[in-house]
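Okay, structure first, notes after.
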Amino acid sequence: DMSQCTPRLKSMTRDMKKHYATIPPLRRRPPVNSLVVARPFQDPFLTDEFHRAYVQGWPEDSDTKVNVFFVDYGITATVESLQVRMLEPTFAKYEFQAISCHIDGVNADELWSTDIREQLKKLLNKKFLKTRVVQLLSDMIIVEADFFNQSFAEFLIKMGLQKDGRFILS
């Protein structure tokens, strides 16, 4: 939701909207880890404008879609490749607003099933985790997260999604 953005990010988003309106789509898929702008399709958190992102990969079942991570919002999405443009250096000067975090006590080495991710998405939709920094690493921040006055790791255990530091994969 753009109402939660800083004035600087709002201004940059407006400038990108004007700039990229005249830029044609890419002729081929952008490389993994490249910085791009992408327009999400019906995302409840983002407006239908171009937002900065990096390319995570491509879905195996589609030649016309790209998996991206929106660097100012911390949201991943699959977008149509026609809605992707390379990021101009002018728009890369402002630092990214999303940061990579690991929640203390939650094992991130294994992936959750799609069903579990969807359950958590619905549960956490438009809710905030209260966090406290535990450790700063060179490429990540470790945080403790509270959800409804309990640790998020404990919450996952109660939900049956994690046991003894390991996710239950279903």
Side-chain angles (χ1 to χ4, degrees), residues 1-103 106 108 111-112 114 117-134 136-148 152:
D1 179 3
M2 288 296 286
S3 66
Q4 302 297 318
C5 295
T6 65
R8 188 173 179 184
L9 184 57
K10 280 183 185 179
S11 174
M12 183 183 62
T13 302
R14 280 191 303 270
D15 292 345
M16 287 191 310
K17 182 178 182 178
K18 290 177 199 167
H19 176 78
Y20 287 105
T22 62
I23 306 291
L26 300 175
R27 292 184 182 188
R28 53 190 155 96
R29 293 194 296 194
V32 172
N33 294 327
S34 60
L35 290 173
V36 297
V37 292
R39 191 171 14 211
F41 177 72
Q42 296 180 339
D43 189 291
F45 296 105
L46 297 176
T47 57
D48 185 29
E49 297 171 1
F50 284 105
H51 299 281
R52 301 184 303 173
Y54 76 81
V55 176
Q56 293 184 310
W58 311 282
E60 291 179 16
D61 60 346
S62 174
D63 291 335
T64 63
K65 296 185 180 184
V66 180
N67 296 327
V68 298
F69 174 78
F70 290 103
V71 298
D72 294 311
Y73 303 95
I75 296 171
T76 47
T78 301
V79 299
E80 291 292 331
S81 56
L82 289 175
Q83 301 301 325
V84 177
R85 314 286 189 271
M86 294 308 292
L87 181 67
E88 299 286 335
T90 303
F91 298 115
K93 291 178 184 175
Y94 182 51
E95 69 184 44
F96 302 147
Q97 300 300 292
I99 55 174
S100 178
C101 293
H102 174 85
I103 299 174
V106 176
L111 297 176
W112 282 325
T114 303
R117 287 194 308 266
E118 289 302 316
Q119 285 177 21
L120 285 173
K121 246 191 224 180
K122 286 177 186 172
L123 187 67
L124 297 173
N125 186 25
K126 296 189 179 187
K127 294 181 181 70
F128 292 95
L129 291 174
K130 186 169 82 175
T131 60
R132 180 178 72 79
V133 174
V134 175
L136 294 172
L137 303 174
S138 63
D139 62 343
M140 185 183 307
I141 298 173
I142 310 268
V143 297
E144 284 180 344
D146 290 332
F147 186 67
F148 291 113
F152 192 64

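This structure is a prediction, so every number in the text was calculated from the model and none was measured. Throughout, numbering of the chain's residues begins at 1 and tracks the sequence.
- Atom CG of Asn33 sits about 8.5 Å away from atom CD of Gln56, to the nearest 0.5 Å.
- Counting heavy atoms from C-beta on, the side chains of Val79 and Arg39 never come closer than 4.5 Å.
- The CE atom of Met16 lies 7.5 Å from the CG atom of Leu9; values are rounded to the nearest 0.5 Å.
- When all heavy atoms are compared, the tightest approach of Leu26 to Val84 is CG-O, 3.6 Å.
- Heavy atoms only, all atoms of each residue included: Ala38 and Pro40 are closest at O-CD, 3.6 Å.
- Every residue two or more places apart in sequence or in another chain that forms a ring-ring contact (aromatic ring centres under 6.0 Å, His included) with Phe91 is listed here: His19, Tyr20.
- Checked against side-chain hydrogen bond (donor to acceptor under 3.5 Å, both in side chains), Ser34 has no partners two or more places apart in sequence or in another chain.
- Annotation: side-chain contact (heavy atoms from CB on, under 4.5 Å) contacts of Ser11 (sequence neighbours excluded): Arg14, Asp15.
- Between Asn67 and Pro59 there is a side-chain heavy-atom pair separated by less than 4.5 Å.
- For the pair Ile23/Phe50, no side-chain contact is recorded, criterion being any heavy-atom separation below 4.5 Å from C-beta on.
- Within the structure, the salt bridge (charged side-chain N to carboxylate O under 4.0 Å, His left out) test picks out the following pairs touching residues 66-84 (sequence neighbours left out): Arg52-Asp72, Lys65-Glu80.
- With sequence neighbours excluded, no residue forms a side-chain hydrogen bond (donor to acceptor under 3.5 Å, both in side chains) with Thr90.
- Atom CD in Gln97 sits 13.5 Å away from atom NE2 in His51 (nearest 0.5 Å).
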Margin query: As a quick check of understanding, evaluate side chain to side chain contact (heavy atoms under 4.5 Å, CB included) for Trp58 and Asp63, giving each step before the final call.
Written below: CA-CA 8 Å; Trp58 311 282; Asp63 291 335; over 6 Å; no
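- Here the side chain of Ser81 pairs a donor or acceptor atom with the backbone of Thr64 at under 3.5 angstrom.
- Separation of atoms NZ (Lys17) and CE (Met12) is listed at 15.0 Å; rounding is to 0.5 Å.
- Within the structure, salt bridge (charged side-chain N to carboxylate O under 4.0 Å, His left out) pairs that include any residue of residues 81-93 do not occur (at least two apart or interchain).
- Atom-to-atom distance recorded for Tyr94:OH and Thr13:OG1 is 9.0 Å, nearest 0.5 angstrom.
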